[in-house]
Q: 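Mind having a look at this structure? Questions to follow.
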Amino acid sequence: MPEGPSIVILRELAQQFVGRKVLHVEGNSKQDIGRLRNRTLRAVRSWGKHFLLEFDDFSVRIHFLLFGSWRINETKAATPRLGLGFSRGDALNFYSCSVRFIEGDLDAAYDWGVDVMSEAWDPARARRTLRAKPDALAADVLLDQDVFAGVGNIIKNEVLHRIRVHPESTIGALPARKLAQLVTEARDYSFDFYRWKQAFQLKKHYQVHTKTTCPRDGTLLSYRKHLGRAQRRAFWCDTCQRRYGTTEASMSVADGAAAG
DNA sequence: TAACATGTTACGGT
DNA sequence: AACCGTAACATGTT
């Protein structure tokens with residue numbers, strides 16, 4: 001159930017397998033996972049919520065969707081979707097995830113500049129892309145993996161609170177400084193998420209996600225279960241998060257109730 | 001305990 | 001064509 005920062009943590013934990021040969025393959029994936037046997041893992045990479053295992057001429061792409069999980073040198077009770085066995089009984093096990101092969105060079109398949117966790121992250125390009133979407137909602141663009149690969153619903157809610165922008169603000173109505181903040185915080189909050197997750201302290205740092213009152217001013221937070229085109233949960237403070245622009249949809253829907 | 005949710009894709013209808 | 005809504009997938013948490 002990971003957003004981008006969790007995938008970065010997985011990538012770092014999986015680094016120990018780079019350069020080692022896959023000795024055993026198991027799993028209920030419908031892909032031709034048998035081809036992985038006796039192949040040497042060349043690199044582990046990530047792009048947004050994608051975890052990538054790179055071999056000589058192809059790579060394996062793992063996407064955990066909502067319920068996926070992994071174990072390193074351990075197993076769960078369930079059958080893995082894909083399990084890779086290495087020497088000394090070491091193993092990488094992936095559960096209830098999407099497994100796909102990517103043929104050829106990963107650099108040809110992925111645009112690293114849109115990955116908020118990447119060294120190649122390109123904020124100027126993100127701002128440019130957003131300027132071309134004036135009618136889109138702030139809550140929707142943050143979840144757009146073509147713009148902010150790795151951002152998920154938790155990061156979305158926390159970023160919007162941090163920059164004091166209402167989730168239904170329209171992008172075209174944001175002052176240039178706010179748009180720049182949105183882009184900056186998409187990355188900066190993701191790195192905070194990463195550090196807190198590593199320390200097993202992520203949830204206690206939530207400001208609005210799944211919360212009922214605003215830590216800034218004690219306002220009862222607003223909650224909507226299906227907000228925006230993405231139809232995802234939104235938590236926000238009507239006192240400190242300003243709504244820029246207006247949409248008919250937002251004004252006609254009256255189901256904003258207290259969270260929790 | 002039964003809902004629910006850190007996500008995405010496919011498909012049918014408009 | 002573009003867009004929208006719904007279903008499907010699958011499991012740990014509350």
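Note that these values count all heavy atoms, side chains included, but never hydrogens, waters or copies made by symmetry. Within every chain, numbering begins at 1; the chains are lettered A, B, ... in the order of the sequence lines, protein sequences first and strands thereafter.
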Q: Return no unless some side-chain N or O of A:Arg229 is found under 4.0 Å from OP1 or OP2 of C:dC3.
A: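 A:Arg229 to C:dC3 OP1/OP2: no side-chain N or O under 4.0 Å.
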
Q: Decide side-chain contact (heavy atoms from CB on, under 4.5 Å) for A:His166 and A:Leu160; before the verdict, give the C-alpha distance in whole Å, the side-chain angles of both, and the deciding distance to 0.1 Å.
A: CA-CA 7 Å; A:His166 187 292; A:Leu160 290 172; over 6 Å; no

Q: Using a cut-off of less than 4.0 Å, is there contact between a side-chain N or O of A:Arg232 and OP1 or OP2 of B:dA5?
A: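 Indeed not, no polar side-chain atom of A:Arg232 lies that close.
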
Q: I want to check something: taking the side chain as every heavy atom from C-beta on, are A:Leu130 and A:Val147 in contact at a cut-off of under 4.5 Å?
A: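 A side-chain contact exists here, since the closest heavy-atom pair is under 4.5 Å.
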
Q: Round to a whole Å and report the spacing from CZ of A:Arg100 to C1' of C:dC9.
A: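 The distance from CZ of A:Arg100 to C1' of C:dC9 comes to 15 Å, rounded to the nearest Å.
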
Q: Roughly how many Å is it from CG in A:Asp146 to P in B:dT8, rounded to a whole number?
A: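 After rounding, the gap between these two atoms is 11 Å.
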
Q: Quick one: A:Lys211 NZ to C:dT14 C1', roughly how many Å, whole number?
A: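 These atoms are roughly 15 Å apart.
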
Q: Less than 4.0 Å between a side-chain N and a carboxylate O, is that true for A:Arg187 and A:Asp115?
A: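 Between A:Arg187 and A:Asp115 there is no salt bridge, as every charged N stays at least 4.0 Å from the carboxylate O atoms.
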
Q: Is there side-chain contact between A:Arg61 and A:Tyr110, with at least one heavy-atom pair below 4.5 Å?
A: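 In contact.
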
Q: Of all the nucleotides listed (B:dA5, C:dG12, C:dC3), which has the minimum atom distance to the side chain of A:Tyr223?
A: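 Between B:dA5, C:dG12, C:dC3, the one nearest the side chain of A:Tyr223 would be B:dA5.
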
Q: Applying the side-chain hydrogen bond (donor to acceptor under 3.5 Å, both in side chains) criterion to A:Thr219, which one of A:Asp238, A:Thr239, A:Thr213 satisfies it?
A: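 Among the candidates, only A:Thr239 passes.
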
Q: Taking atom types as modelled, find out whether A:Tyr194 and A:Glu12 have a side-chain donor-acceptor pair closer than 3.5 angstrom.
A: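 Checked: A:Tyr194/A:Glu12 side chains pair up, N/O donor to acceptor below 3.5 Å.
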
Q: Taking B:dC4 as the reference, what is the distance to C:dT6 when you measure between their P atoms (whole Å, please)?
A: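 Straight-line distance between the two P atoms is 16 Å.
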
Q: Give the rounded distance in Å between these two atoms: OH of A:Tyr95 and C1' of C:dC9.
A: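 So the OH-C1' distance, A:Tyr95 to C:dC9, works out to 19 Å.
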
Q: Can you work out whether A:Thr79 or A:Gln231 has the more 5'-proximal nearest nucleotide on DNA chain C?
A: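 Going by which nucleotide is closer to the 5' end, it is A:Gln231.
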
Q: Report the distance from atom NE2 of A:His63 to atom C1' of B:dT6, rounded to the nearest whole Å.
A: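 Value for this atom pair: 11 Å.
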
Q: Whether A:Lys203 contacts C:dT14 is assessed here as follows: a side-chain N or O lying under 4.0 Å from the phosphate OP1 or OP2. Is that the case?
A: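 Yes.
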
Q: Would you say A:Lys49 reaches B:dT6's phosphate, i.e. side-chain N/O to OP1/OP2 under 4.0 Å?
A: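 No, no such contact exists.
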
Q: Is A:Arg243 paired with A:Glu168 through a side-chain N to carboxylate O contact shorter than 4.0 Å?
A: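 Yes, A:Glu168 and A:Arg243 are salt-bridged.
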
Q: Take the protein atom CZ of A:Phe148 and the nucleotide atom P of B:dT8, then report the distance between them rounded to whole Å.
A: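 Whole-Å distance recorded here is 15 Å.
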
Q: Atom CD of residue position A:Glu103 - does it have more than 12 heavy atoms of other residues, nucleotides or ligands inside 6.0 Å?
A: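 Correct, the count exceeds 12.
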
Q: Can you tell me the distance, in whole Å, between the CD atom of A:Glu3 and the C1' atom of B:dA5?
A: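 To the nearest whole Å, that distance equals 11 Å.
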
Q: Between C1' on B:dG7 and CG on A:Leu142, what's the gap in Å once rounded to a whole number?
A: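 Value for this atom pair: 16 Å.
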
Q: Which nucleotide in the list B:dT8, C:dT14, B:dT6 gets nearest to the side chain of A:His209?
A: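 Minimum distance to the A:His209 side chain belongs to B:dT6.
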
Q: Base, sugar-phosphate, or nothing for A:Gln145, non-hydrogen atoms under 4.0 angstrom?
A: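 If one applies the 4.0 Å heavy-atom cut-off, A:Gln145 turns out to touch the sugar-phosphate alone, with no base involved.
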
Q: Can you tell me which nucleotide in C:dG12, B:dT6, B:dG7 comes closest to the side chain of A:Ile154?
A: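 Between C:dG12, B:dT6, B:dG7, the one nearest the side chain of A:Ile154 would be B:dT6.
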
Q: Ignoring the backbone of A:Lys225, work out which of B:dT6, C:dG12, B:dC4 is nearest its side chain.
A: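 Output: B:dC4.
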
Q: Tell me the stems DNA chain C sits in, counting at least three consecutive Watson-Crick or G-U wobble pairs, each under 3.5 Å on both distances.
A: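 In DNA chain C, stems of three or more pairs: B:2-5 with C:11-14, B:7-14 with C:2-9.
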
Q: Does A:Arg233 place a side-chain N or O at less than 4.0 Å from the phosphate oxygens OP1/OP2 of B:dT6?
A: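 Checking A:Arg233 against B:dT6: at least one side-chain N or O falls below 4.0 Å of OP1 or OP2.
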
